[in-house]
2 protein chains.
Amino acid sequence: MAMPGRARLSDVARLAGVSASTVSRVLSNPGLVAPATREAVLAAVMASGYRMNHAARNLRKQRTGCVVALVPNLGNPFFAKILDGMGRELAAAGYDLLIADTLEDAGRHRTLERFLDPSRADGIILLDGLVPLGRLGQGQDLPPLITACEWIEGADLPRVMLDNREGGRIAVAHLRDLGHRHIGVIGGPAGNVLHQARLAGARAALAGGRLTLFPGDFSLAAGRKAAEAWQAMPDRPGAVFALSDEMACAFMASLQRAGLAAPRDVSIIGFDDIDLVSHLSPALTTIRQPKRDIGRQAARVILARIEGQEVAPVTLLAPRLMLRETTGPAG
Amino acid sequence: MAMPGRARLSDVARLAGVSASTVSRVLSNPGLVAPATREAVLAAVMASGYRMNHAARNLRKQRTGCVVALVPNLGNPFFAKILDGMGRELAAAGYDLLIADTLEDAGRHRTLERFLDPSRADGIILLDGLVPLGRLGQGQDLPPLITACEWIEGADLPRVMLDNREGGRIAVAHLRDLGHRHIGVIGGPAGNVLHQARLAGARAALAGGRLTLFPGDFSLAAGRKAAEAWQAMPDRPGAVFALSDEMACAFMASLQRAGLAAPRDVSIIGFDDIDLVSHLSPALTTIRQPKRDIGRQAARVILARIEGQEVAPVTLLAPRLMLRETTGPAG
DNA sequence: AAAATGTTTGAAATCGATTGCAGTCCCGTG
DNA sequence: CACGGGACTGCAATCGATTTCAAACATTTT
């Protein structure tokens, strides 16, 4: 009442006529305390409006209560849903989700370093396959680290991801089934693991057909450029598989502007199944990623690692063909 | 070298032959330490690979180094860019951005309570105008709290936001200039402040024209529903102002599916200017919100509040008409 | 030469909760 | 009746960095 600041554990203890240890036990391990004492303490807690000080507890327990997610580009709507699922799962387990963009001005490296520190986060979920891990894990004591969505070839980190190869396979198999034998692929950045896996799947399903690669980077602009390239070709592929929905949208819109339409003039299939594409006209056929699930699974895996459990090296989620209106039989 | 854990401040001190106080000063206030000593300490810091323990510092300094952003729906891509700008600005000031969704299963209330605690966050940015503030600020010592994007009518909280009224005005004025006298508006949730402000602006620009309100909630589904309602009308408005780009997209696509086109059969204007809409065909005319800027400004305001400075009660950002292809003269 | 001022540094208290250890009390058993 | 064993509870150490205060020394000033 006289105190300017808020009640501390010791204040509650004084109020209840017990020691601070007892109050602490009531709050975190009630079974150890006699019922009568417990009641008294709880009453004192209510009366004083006590709220625990997190810094103090974290210091003592050597943990932070935070998990950090490192995202290559927060501006990309694709990640929102993933973070959503992740945040919910973590909150349920009493952890906070810290989010940081790896593409800070100073470059990826600095951001990563900043969080590779057990006093800052209890665990790290890396959604960016291009962070330079450098001499990681060298004697330092790092918080548990896993990758989600993307991954890092050669690094021994648990992975949570879509079966991207299968996604690529399904997409192209679908186009093949429709009779397409020359298929265009609008790719991701050259070194990107998603690009490679999806492309490998696409190639596997090609079965002797022909594949033309349009360079891309998952962005809207790349989709438009691909459309220009496609139109300039003498021998156009009759179907195009874009490795992201945004590229597929921009590709389709560019063609529409030129008076061409899917699937009449070209079949188009995307990847991700972001909300918007099912509301376009024509609605985009695409490969769905269970985004919220990926986030949820990633959260589960990092929590398990934080508790010291062993986890599967790879958690694979299944892609799914969302058959809509932009693919049709080869003309 | 023998220690299993990592170097502490006192370890560095021993290594450098000074006291822990001195090391602390070198790290946080180098000017106070003699150059020679400083060098020695820095060398010891390098040699030991010392990294500060955040929990300890936070406990001592009575701060957390975190700012939390409470978002109504992380799954909405609109917020990604805002959080992006916010995160960058905060990181530059040495703060981490904690993100939480207010729509947790247990409802808005719990999430807010959880973070209304100075030992958890140094400041809070509320992006949800519907949180129940209840008996807020009653004697408790809360961390500084501001609202961004949305706001809470009647609450005395600093606001960072677009001039939504002006945005609504610009949109409808544009349609009026094109000769439209009957204008449809696809709205947001009834109680929503954005809905009210934009609608008020729209009405102000109406100048005797007629306005038909289609209920909505900013979602894609609402846009589609509005399209159905529009088509069912005997006396259709020749222009439609959707209070979000997603609704505008879905509205437009639904009409396209029915063989109608913008701006030939109806003019459409959206709100937000999310990336995708400029890549559609036809490209959507819309009111742009400077999303990254809003995030950045919100970060600046909360930082100022954390430092105890007074801040402007309202920080208003200017909307801008992005003239594209979906609006045209009244038929 | 004495006093006043300034510069560096260290000792120790502090932030607030947790927990190992030991003491107290009460009960049941031999 | 004495003793072993539980059940509770409190003392005090601990987590690791920051900061106040004062000591120790150097540098001016009168």
Side-chain angles (χ1 to χ4, degrees), chain A residues 3-42 44-45 48-66 94 117-122 141 143, chain B residues 3-42 44-45 48-66 94 117-122 141 143:
Chain A
M3 282 286 87
R6 54 203 248 170
R8 288 158 306 181
L9 198 59
S10 60
D11 297 323
V12 177
R14 186 159 351 96
L15 197 59
V18 299
S19 74
S21 329
T22 300
V23 179
S24 172
R25 279 189 278 253
V26 168
L27 264 27
S28 56
N29 211 339
L32 293 177
V33 180
T37 318
R38 200 190 306 155
E39 296 305 321
V41 168
L42 287 176
V45 167
S48 60
Y50 170 75
R51 313 249 349 231
M52 190 197 54
N53 181 307
H54 289 85
R57 167 200 280 238
N58 290 344
L59 172 58
R60 178 61 225 233
K61 301 198 50 164
Q62 301 281 59
R63 58 156 240 163
T64 70
C66 285
D117 178 346
S119 95
R120 203 186 260 289
D122 295 332
D141 61 332
Chain B
M3 284 285 87
R6 52 204 252 174
R8 288 157 308 184
L9 199 58
S10 61
D11 296 325
V12 177
R14 185 157 356 94
L15 197 59
V18 299
S19 75
S21 331
T22 301
V23 179
S24 173
R25 280 188 280 255
V26 168
L27 263 28
S28 58
N29 210 339
L32 292 177
V33 179
T37 319
R38 198 189 309 153
E39 297 304 324
V41 168
L42 288 176
V45 167
S48 60
Y50 171 74
R51 313 257 338 238
M52 192 197 53
N53 181 309
H54 290 84
R57 167 199 282 235
N58 291 344
L59 172 58
R60 178 62 224 232
K61 301 194 60 163
Q62 301 282 60
R63 57 156 240 165
T64 70
C66 285
D117 178 346
S119 96
R120 203 186 261 288
D122 295 331
D141 62 331

Practice problem: For DNA chain D, find the residues of residues 19-29 of chain B with a heavy-atom distance under 4.0 Å and give them by number; none if there aren't any. | Solution: B:S21, B:S24, B:R25
Practice problem: Going by the side chain to side chain contact (heavy atoms under 4.5 Å, CB included) test, name the single residue among A:V41, A:L15, A:L27, A:V23 that passes it with A:Y50. | Solution: A:L27
Quiz item: How is B:S119 classified with respect to the nucleic acid when contacts are heavy atoms under 4.0 Å: base, sugar-phosphate, or nothing?
Solution: nothing
Self-check item: Closest-nucleotide 5' rank along DNA chain C - winner of B:Q62 and B:T37
Solution: B:T37
Quiz item: Stepwise, does the side-chain contact (heavy atoms from CB on, under 4.5 Å) test hold for A:R57 with A:L9?
Solution: CA-CA 11 Å; A:R57 167 200 280 238; A:L9 198 59; over 6 Å; no
Self-check item: side-chain contact (heavy atoms from CB on, under 4.5 Å) against B:S28, all qualifying residues, sequence neighbours excluded
Solution: B:S24
Practice problem: Please name the pair of heavy atoms, one in A:A16 and one in A:A40, separated by the smallest distance, quoted to 0.1 Å. | Solution: CB-O, 4.1 Å
Practice problem: Going by the side chain to side chain contact (heavy atoms under 4.5 Å, CB included) test, name the single residue among B:V12, B:T37, B:V18, B:L42 that passes it with B:V26. | Solution: B:L42
Self-check item: salt_bridge(A:D122, A:K61) N-O dist < 4.0 Å
Solution: no
Exercise. Return yes if some donor-acceptor pair links the side-chain N/O of B:N53 with the main-chain N/O of B:A56 below 3.5 Å, else return no.
Key: yes
Quiz item: Is there a donor-acceptor contact under 3.5 Å from the side chain of A:S119 to the main chain of B:A55?
Solution: no
Quiz prompt | chain B contact limits on DNA chain C, taken 5' to 3' with a cut-off of 4.0 angstrom to heavy atoms | solution = C:dT8 to C:dG16
Quiz item: Rounded to the Å, how far apart are A:R60 CZ and D:dA17 P?
Solution: 16 Å
